[in-house]
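A quick note: this is a predicted structure, and the numbers were derived from the prediction, not measured. As the structure lists them, so they are numbered: ligands from 1, and atoms in each ligand from 1.
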Amino acid sequence: MKIRAAITGIDGYVPPDLLTNKELEQMVDTSDEWILSRTGIRERHILKGENRGTSDMAAEAVKGLLKKTHTSPDEIELLICATVTADLHFPATANIISHKAGIKNAWSYDINAACSGFLFALATACQFVESGLYKKVIVVGADKMSAIVDYTNRDTCVLFGDAAGAVLLEPASGEEGIMDFILRTDGSGEEFLHMKAGGSRRPPSYETIDAKEHCVFQEGQSVFKFAVTKMADVSAEIMEKNNLKSEDISWLVPHQANMRIIDATARRMGISKDQVMINIDKYGNTTAATIPLCLWEWEKRLHKGDNIILAAFGGGFTWGSIWVKWAY
Ligand code: ACO
């Protein structure tokens, strides 16, 4: 029988400090009404403190996950971290997380697929379990977006928050687990969503700092148009491919970038809003962390055998959908 990889545990970490729409009203020319009606966001959490990065949030999620699942750090064979806000250009944030969480018998690496990062990392990790190679793999989605947001630019500063989520993947004994995935990239999307400087093409300089080129640049409307069609299309495609009807789906877990994108995806899949995990109001767009954060918050309401569709769209462009049969 085919070995499946199943999510067997989940944990998350959200930093305690809040940034509300009301506070943003004092920082840029915006309003609580505009942010809420155009995005669905009320507040987001921000990681504060000197020298604290993505790995600090991720390590908390991983330590929580190990404790919850009664797993020793020594049992973990591989840890993959999806992030666009690595602690450093190198080494990989995954290595730093492993070190902070006491994981010593594993290898680890980062995946950069922006808001689709968790899906890309989950599908990758799945291969190591399905092949029979590994029995315990951790997948982390974590981003400290506040590190790359320009808080004088209303186009982007209202959108993002900081958080981390982590799942444990193990071989499944039954019919449950990661059932199928469709993932895509389109590099022509670069012009609409990117960070202009800091990489090898345009290394940091006084000029790039003055021009705020180390922050997220997004042409919101163009990204919106792609996101709304691609995320809805890929979610419908994975259902058709697997002969899943809307009544077969227990939950849609959409990336939390904009309430209007989430609504369009749910409509296209023919599922009602009470089957959609939504926490964008509390956390904003936490990039690679949105999907594990939803699963973490909803964990107690999930049942063995539930059909769950994970769906995301993000910078790259990257997008995709994963069908999961919940395993516990
Ligand atoms: N407050 C008040 N007004 C604002 C704000 C703000 N925070 N931001 C923009 N506006 C204004 C604009 O200046 C514009 O004014 P104008 O009409 O006078 O020119 C007006 O509001 C409309 O601006 P749009 O950009 O057209 O607003 P839109 O309805 O498209 O919403 C948003 C913007 C929320 C960014 C939306 O386009 C969106 O969600 N895009 C997709 C985001 C996404 O999915 N990203 C991918 C994941 S992110 C990642 O991968 C890292």
(Q) Is it the case that over 12 heavy atoms from other parts of the model lie below 6.0 angstrom from the CD atom of Glu219? (A) yes

Q | Polar proximity ligand 1 side, Arg260 side, N/O cut 3.5 Å exclusive | A | yes

Q: In plain terms, say whether Glu130 and Arg4 are close enough for a salt bridge, that is, a side-chain N and a carboxylate O under 4.0 Å apart.
A: no

Q: May I ask you to decide if Pro204's main-chain N or O and Thr208's side chain share a donor-acceptor pair within less than 3.5 Å?
A: no

Q. Atom 26 (O) of ligand 1: which of Glu25, Gln221, Gln256, Met231 has the nearest heavy atom?
A. Gln221

(Q) I need the nearest protein heavy-atom contact for atom 12 (C) of ligand 1: residue, atom name and distance, please. (A) Arg154 NH2, 3.8 Å

Q. Hydrophobic cluster mates of Val28, side-chain heavy atoms under 4.5 angstrom, ILVMFWY only, any path?
A. none

**Q.** Distance-only donor-acceptor check, side chains Thr39 and Asn258, under 3.5 Å
**A.** no

Q | From CA spacing to verdict: side chain to side chain donor-acceptor pair (under 3.5 Å), Trp323, Asn242 | A | CA-CA 9 Å; Trp323 169 30; Asn242 292 285; over 6 Å; no

Q.
Under a 4.0 angstrom heavy-atom cut-off, which atoms of ligand 1 come close to Gly315?
A. 49 (C), 50 (O)

Q: Check each heavy atom of Val28 against ligand 1 and say whether those closer than 4.0 Å belong to the side chain, the backbone, both or neither.
A: neither

Q | Under-4.0 Å heavy-atom contact between protein and atom 16 (P) of ligand 1 | A | no

Q) Which ligand 1 atoms are under 4.0 Å away from a heavy-atom of Ala114? A) 50 (O)

Q | Per-atom contact, atom 19 (O) of ligand 1, protein heavy atoms, under 4.0 angstrom | A | no

Q. Are there protein heavy-atom neighbours of atom 3 (N) of ligand 1 below 4.0 Å?
A. yes

Q.
Using a 4.0 Å cut-off to any heavy atom of Thr39, which atoms of ligand 1 qualify?
A. 34 (C)

**Q.** Under 4.0 Å to a heavy atom of Asn285 - the qualifying atoms of ligand 1, by number
**A.** 47 (C), 48 (S)

Q: Among Thr287, Ile111, Ile97, Asp110, find the residue that satisfies the side chain to side chain contact (heavy atoms under 4.5 Å, CB included) test when tested with Thr83.
A: Asp110

Q: Would you mind checking if Asp56 and Lys100 are paired as a salt bridge, meaning a charged N to carboxylate O distance below 4.0 Å?
A: yes

Q.
Could you tell me, atom by atom, which parts of ligand 1 come under 4.0 Å of a heavy atom of Ala257?
A. 43 (C), 44 (O)

Q) Backbone, side chain, both or neither: what part of Phe224 comes under 4.0 angstrom of ligand 1, heavy atoms only? A) both

Q: Report, in ascending order of atom number, the atoms of ligand 1 lying under 4.0 Å from any heavy atom of Asn258.
A: 34 (C), 36 (C), 38 (C), 39 (O)

(Q) Can you tell me which portion of Ile261 lies within the under-4.0 Å heavy-atom range of ligand 1? Options are side chain, backbone, both, or neither. (A) side chain

(Q) Working to the nearest 0.5 angstrom, can you tell me the gap between Phe160 CZ and Cys215 SG? (A) 11.0 Å

**Q.** Residue, atom name and distance, where the atom is the protein heavy atom closest to atom 23 (O) of ligand 1
**A.** Trp34 CZ2, 4.4 Å

Q | Enumerated ligand 1 atoms positioned under 4.0 Å from heavy atoms of Val158 | A | 7 (N)

Q: Would you kindly check if the NZ (Lys) or CZ (Arg) of Lys230 is within the cone defined by 45 degrees around the ring axis of Phe313 and under 6.0 Å from the six-membered ring centre?
A: no

**Q.** Chi angles and distances behind the salt bridge (Lys or Arg N to Asp or Glu O under 4.0 Å) call for Arg154, Asp29
**A.** CA-CA 7 Å; Arg154 71 175 184 177; Asp29 179 15; 3.7 Å; yes

Q. Among protein heavy atoms, which lies nearest atom 48 (S) of ligand 1, and at what distance?
A. Cys115 SG, 3.2 Å

Q | Which residue and heavy atom of the protein sit nearest atom 1 (N) of ligand 1, plus the separation | A | Thr30 OG1, 2.6 Å

